[in-house]
Student: 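Here you go, one structure.
So that the names make sense, note that chain A is the first sequence line, chain B the second, and so on, each numbered from 1.
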Amino acid sequence: MEEQIANTSEVKEESKNFIEQFVEEDLRENKNGGRIQTRFPPEPNGYLHIGHAKAICLDFGIAKKYGGICNLRFDDTNPVKEDVEYVDSIQEDIKWLGFQWAGIYYASDYFEQLHELAIRFIKEGKAYVDEQTAEEIASQKGTPTIPGTESPFRNRPIEENLKLFEQMSSGEIPDGKMVLRAKIDMSSPNMHFRDPIIYRIITSHPHHRTGNKWKVYPMYDFAHGQSDYFEGVTHSLCTLEFEVHRPLYNWFIDQFAGTDYRPRQIEFNRLNITYTVMSKRKMLQLVNEGIVRGWDDPRMPTICGLRRRGYTPASIHNFIKTIGYTKYDGLIDVSLLEHAVRDDLNANATRVSAVLDPIRLVLTNYPENQEETMVAINNPEREEDGTHEIQFSRELYIERDDFMEEAPKKYFRLTPGKEVRLKNAYIIRCTGCDKDTEGNITTVYAEYDPLTRSGMPDSNRKVKGTIHWVSVRHAIDAEVRLYDRLFVVENLQEEKDRDFHEMLNPNSLTVTTAKVEPWLSHAKPLDHFQFQRIGYFNVDPDSKPGALVFNRTVSLKDSWQKELKK
RNA sequence: UGUCUUGUGGUGUAAUGGUAGCACAACAGUUUUUGGUACUGUUUGUCCUGGUUCGAGUCCGGGCAAGACAACCA
C-alpha cells in the first residue's frame, strides 16, 4: 500500500495539439450540448494515402478521446470522377488502420435536401441561374486583387430562376449551358464569395450510387458544410487549403440553420514527405502510365502500398503521433516514417537468414556428408517468441560483401587469416578463395573450430564479426524486391516547373533472387521478417508455394555503409 | 500590389508571461553471437526590429519571408 504513493505526480501529461485544445474549450463552454461528432469525408476518386491516414487518425482519434462518434462520409458530388472501386478500397484501408466508423453516409444521401435548399435560396433571392459560359464567368470573377463584375443574369426575377433551375434539374438543359450561383458579393476580397457556383448540370456520367436520377449536382461548398449540419457534425476537421472556404462554410449554414447547434470547421496542416508525391492526380498518373505496378505498388505512399511494402498499422499510428498537427505547412523527413516501421518491426519481426548476393563458402575441415541442426532465436527482443531450427553443412552461402581478399583494418568480416563467427553456429578462420579469370571471387575457403558451436564454452571467445549464412544443400530460392525512393528530388512541391518524370528514380525497384532458409517455405503473404543484418522484409501477395516473393520494407541501419562513405 | 494563414536546431514538434524540452537525423563512445537493438554523451534553435513587463519564444506595433485563394474539382 505504501509503495503506491510515489510516481503518480511524475507522470508527464501529454501535450495537446491546438485542435484538442479547441475541442476542450468548446466542451467547457458546453457548445452543442457537450456533444462531439466528427467525420472523415473522402471523395471516392482515388486510393487513400498516408496523408489521409493523418486525417483519419485525427477524425477518429478526437471522437474517441472525447467520447463522441466519427462517421465515414463519402463526398460524392462529382460523378465524373468517382467510382465504387474507390468506395470499397477506402473502407478496407480505414479498417486496416484499426478504426470503425459509427455510421456510413454519402453526400448523395442529402441530394434531395440540398436540392430543396437550393430552391429555398432562389426563393429568398439568394441564388440565380447564370447562362454564361465557364469562360465568361471566370473572366468576371476578377482576381484576388481586382474585384469581379456582376453577371448580366444576376438580377433576373425569382420566378424565372425557379423555372430555369427546374429545367436544369429535369434534364432539359444540356451540360454546361447553365449553372446556379449563390448571390453574395462580386467584390468580396474572398474569392469564394464572388457568387460561387452551387449547382452544375451533369448528364453525361451516371452517379455511382444514384445512377441517372439527378441531372444537377451540388458543388463542394454547397454540399460539405450542409452535410455536416444535416448529420450533426460538431467539429469538421480538414486541411489548410480549406481555410479560405471557412467563411463561406459558415455563411451558407447561417442562411438556413437554426440557432440550436453549429458545426465548426478547423484546419490543420496536410502531410508532405520528402522524396514523395502526395497528390492524387500525380499518383493516378503514376498508375495509369505504368510507372508503378498499381495503386498498391510498394513504392506508393498509399495505405495499400504501405501495407504491401510491410508497414504495420502500429508503425503508421506512431509516425502520425510523432509528426503532430499544427498550422505550419512543413515537409516531413521520410526518415521519420522509416524509423517508425523499424521501431515496430524490431520489436515484432521474426529473425531469419537470407543471403541476397550469395557466394559459396566451403568449410574444408567439415565432413562431406555431415549435417547439423542449429537453434535460431526468433526474436532477441522478445524471448517468448521462441526458436526455430536451421540446418548446417559443409557448404554455405554467405553475402559477397562479407568477404574481402584484402580488407581495411576496420573490416570485421571474413578475410584470409582472420576469424569470424557464423551466426548460431561455429567460429571459422578464413584460409583463402578461388577467383575466375576476371578476378571475381567464386568460392571462399575456411576451417571451422569444432569446439565453438553455439552453446559450447569455447563459443564465448571474443570474435569481432558475426556473419549470417544458409546451407547450400538446404537453401531455397526466393524472389526479393528491393525498393528505393520513387523520386530523387527532396521537395517535389518546390519543383513546380519541372515535369515529375525527370525527377523519378530509375532504380526505385531492383529484383533479385536470394537464398533463404527452408523454414521460410511456409511464410504467408504479409508476414513480416527481419533478414538478419540486412533489413525488414514481408511476403508479397504475389508469393506462391514454391515461389516465394519478398518485399524489402526498409533496410536495417548500417553503420558499416556509413564508415565506407567516409 | 487584396484576403486569410504560418514562421522555435538539419527535419518535425513541445513550452499557454517564469530554467527553450522531446523525437528523428548527424557525430563520438559503451554493450552486443545482427556493424541491428539498447544505453551514454556531443553539435545545432525562438525570422528581424521596436515596445509593454521584474521577466517575452509567448503579449502589442512595424518590417521580412513562406503558403493558400481567381475549377461548372474536392
Student: Look at the side chain of A:Glu243 and the base of B:rG67, then say whether one donor and one acceptor between them are separated by less than 3.5 Å.
Tutor: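 Absent.
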
Student: Just N and O in the side chain of A:Arg351: are any of them under 4.0 Å from OP1 or OP2 of B:rU37?
Tutor: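 For B:rU37, neither OP1 nor OP2 has a side-chain N or O of A:Arg351 closer than 4.0 Å.
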
Student: Searching all strands shown, indicate the nucleotide that pairs with B:rU31 (Watson-Crick or G-U wobble; both distances under 3.5 Å).
Tutor: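 Base partner found: none.
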
Student: How is A:Gly330 classified with respect to the nucleic acid when contacts are heavy atoms under 4.0 Å: base, sugar-phosphate, or nothing?
Tutor: sugar-phosphate

Student: Looking at B:rA74, which nucleotide sits across from it as a Watson-Crick or G-U wobble partner, both distances under 3.5 angstrom, or is there none?
Tutor: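 B:rA74 is unpaired by these criteria.
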
Student: For B:rC73, does OP1 or OP2 lie under 4.0 Å from any side-chain N or O of A:Thr77?
Tutor: no

Student: Please classify the nucleic acid contact of A:Tyr411 as base, sugar-phosphate, or nothing, using heavy-atom distances under 4.0 Å.
Tutor: base

Student: By the 4.0 Å heavy-atom rule, please label A:Glu338 as base, sugar-phosphate, or nothing.
Tutor: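 No contact at all - A:Glu338 keeps every heavy atom at 4.0 Å or more from the nucleic acid.
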
Student: Want to settle it: does A:Tyr325 or A:Tyr220 sit nearer the 5' end of RNA chain B, counting the closest nucleotide to each?
Tutor: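 Mapping each residue to its closest nucleotide by heavy atoms, the 5'-most match is A:Tyr325.
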
Student: Can you find a donor-acceptor N/O pair under 3.5 angstrom joining the side chain of A:Thr326 to the base of B:rU13?
Tutor: no

Student: Go nucleotide by nucleotide along RNA chain B from the 5' end; which of A:Lys410 and A:Leu331 gets its closest nucleotide reached first?
Tutor: A:Leu331

Student: To the nearest Å, how far apart are A:Tyr328 OH and B:rG67 P?
Tutor: 10 Å

Student: For the C1' atoms, the ones on B:rA15 and on B:rU1, what distance do you get once it is rounded to whole angstrom?
Tutor: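 Approximately 38 Å lies between the C1' atom of B:rA15 and that of B:rU1.
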
Student: Does OP1 or OP2 of B:rU34 have a side-chain N or O of A:His468 closer than 4.0 Å?
Tutor: no

Student: Applying a 4.0 Å non-hydrogen cut-off, can you work out what A:Ser335 is touching in the nucleic acid: base, sugar-phosphate, or nothing?
Tutor: sugar-phosphate

Student: Taking the side chain from A:Asp343 and the backbone from A:His339, do they hold a donor-acceptor pair closer than 3.5 Å?
Tutor: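 Not a single qualifying donor-acceptor pair exists.
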
Student: Looking at A:Gly330, is its backbone amide N or carbonyl O close enough to the side chain of A:Asn272 to form a donor-acceptor pair, meaning the two atoms are under 3.5 Å apart?
Tutor: yes

Student: Kindly check if the number of other-residue, nucleotide or ligand heavy atoms within 6.0 Å of CD (A:Glu383) is above 12?
Tutor: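 Not buried by this count: 12 neighbours or fewer within 6.0 Å.
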
Student: Centroid-to-centroid, A:Phe242 to A:His192, below 6.0 Å?
Tutor: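 Between A:Phe242 and A:His192, the centre distance exceeds or equals 6.0 Å.
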
Student: Would you call A:Arg39 and A:Glu231 a salt bridge, using N to O less than 4.0 angstrom?
Tutor: no

Student: Kindly indicate, with the supporting measurements, whether the criterion salt bridge (charged side-chain N to carboxylate O under 4.0 Å, His left out) is fulfilled by A:Arg413 and A:Glu399.
Tutor: CA-CA 10 Å; A:Arg413 285 113 97 146; A:Glu399 296 287 348; over 6 Å; no

Student: Measure the distance from CD1 on A:Ile467 to P on B:rU32 and round it to the nearest whole Å.
Tutor: 20 Å

Student: Contact class for A:Tyr199 vs. all strands (heavy atom < 4.0 Å): base, sugar-phosphate, or nothing?
Tutor: nothing

Student: Any idea which of B:rC24, B:rG35, B:rA23 is nearest the A:Leu336 side chain?
Tutor: B:rC24

Student: NA contact type, A:Thr466, heavy-atom cut-off 4.0 Å: base, sugar-phosphate, or nothing?
Tutor: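 If one applies the 4.0 Å heavy-atom cut-off, A:Thr466 turns out to touch the sugar-phosphate alone, with no base involved.
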
Student: So does A:Asp185 get a backbone contact from the side chain of A:Ser188, meaning a donor-acceptor N/O pair under 3.5 Å?
Tutor: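 It does not hold such a pair.
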
Student: Return the nucleotide paired to B:rA68: Watson-Crick means purine N1 to pyrimidine N3 with N6-O4 or O6-N4, wobble means G-U with N1-O2 and O6-N3, both under 3.5 Å.
Tutor: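 Pair assignment: B:rA68 / B:rU3.
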
Student: Does the side chain of A:Arg194 get closer than 4.0 angstrom to OP1 or OP2 of B:rA70 through an N or O atom?
Tutor: no

Student: Please state whether the base of B:rA68 and the side chain of A:His192 form at least one donor-acceptor pair under 3.5 Å?
Tutor: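 Looking at the base of B:rA68, it does not pair with any donor or acceptor on the side chain of A:His192 (distance under 3.5 Å).
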
Student: So does A:Phe403 get a backbone contact from the side chain of A:Tyr411, meaning a donor-acceptor N/O pair under 3.5 Å?
Tutor: yes

Student: Would you say the side chain of A:Arg342 and the base of B:rG36 hold a donor-acceptor pair, judged only by whether the two atoms sit under 3.5 Å apart?
Tutor: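 Counting by modelled atom types and ignoring angles, no donor-acceptor contact under 3.5 Å is found here.
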
Student: So what does A:Lys462 touch, heavy atoms closer than 4.0 Å: a base, only the sugar-phosphate, or nothing?
Tutor: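 A:Lys462: backbone/sugar contact only, no base atoms under 4.0 Å.
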
Student: At 4.0 Å (heavy atoms only), tell me whether A:Arg246 reaches a base, stays on the sugar-phosphate, or touches nothing.
Tutor: nothing

Student: Taking CD1 from A:Ile266 and P from B:rU6, how many angstroms apart are they, rounded to a whole number?
Tutor: 13 Å

Student: The side chain of A:Pro189 is closest to which nucleotide in this list: B:rU33, B:rA14, B:rU3?
Tutor: B:rU3

Student: Indicate, with a heavy-atom threshold strictly under 4.0 Å, whether A:Gln132 touches base, sugar-phosphate, or nothing.
Tutor: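 Since a base atom lies under 4.0 Å of A:Gln132, the category is base.
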
Student: Rounded to whole angstrom units, what separation is found between the CD atom of A:Glu563 and the C1' atom of B:rA26?
Tutor: 14 Å

Student: Under 4.0 Å, counting only non-hydrogen atoms across every strand here, what does A:Asp329 touch: a base, just sugar-phosphate, or nothing?
Tutor: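 If one applies the 4.0 Å heavy-atom cut-off, A:Asp329 turns out to touch the sugar-phosphate alone, with no base involved.
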
Student: Compare side-chain N and O positions of A:Arg270 against OP1 and OP2 of B:rA74 and report whether any pair is under 4.0 Å apart.
Tutor: no

Student: Could you give the distance separating B:rA20 and B:rG57 at their C1' atoms, to the nearest angstrom?
Tutor: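 It works out to 8 Å between them.
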
Student: Does the side chain of A:Lys562 get closer than 4.0 angstrom to OP1 or OP2 of B:rA26 through an N or O atom?
Tutor: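 For A:Lys562, the contact criterion (side-chain N or O under 4.0 Å from OP1 or OP2 of B:rA26) is met.
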
Student: Have a look at A:Asp221 and say if it touches a base, only the backbone sugar-phosphate, or nothing, with a 4.0 Å heavy-atom cut-off.
Tutor: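 Counting heavy atoms under 4.0 Å across all strands, no contact is made by A:Asp221.
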
Student: Contact class for A:Lys423 (heavy atom, under 4.0 Å): base, sugar-phosphate, or nothing?
Tutor: base

Student: A:Ile332 near the nucleic acid: base, sugar-phosphate alone, or nothing, with a heavy-atom cut-off under 4.0 Å?
Tutor: sugar-phosphate

Student: OP1, OP2 of B:rU34 versus side-chain N and O of A:Lys557: anything below 4.0 Å?
Tutor: no

Student: For the side chain of A:Glu267 and the base of B:rU5, is some donor closer than 3.5 Å to an acceptor across the two?
Tutor: no

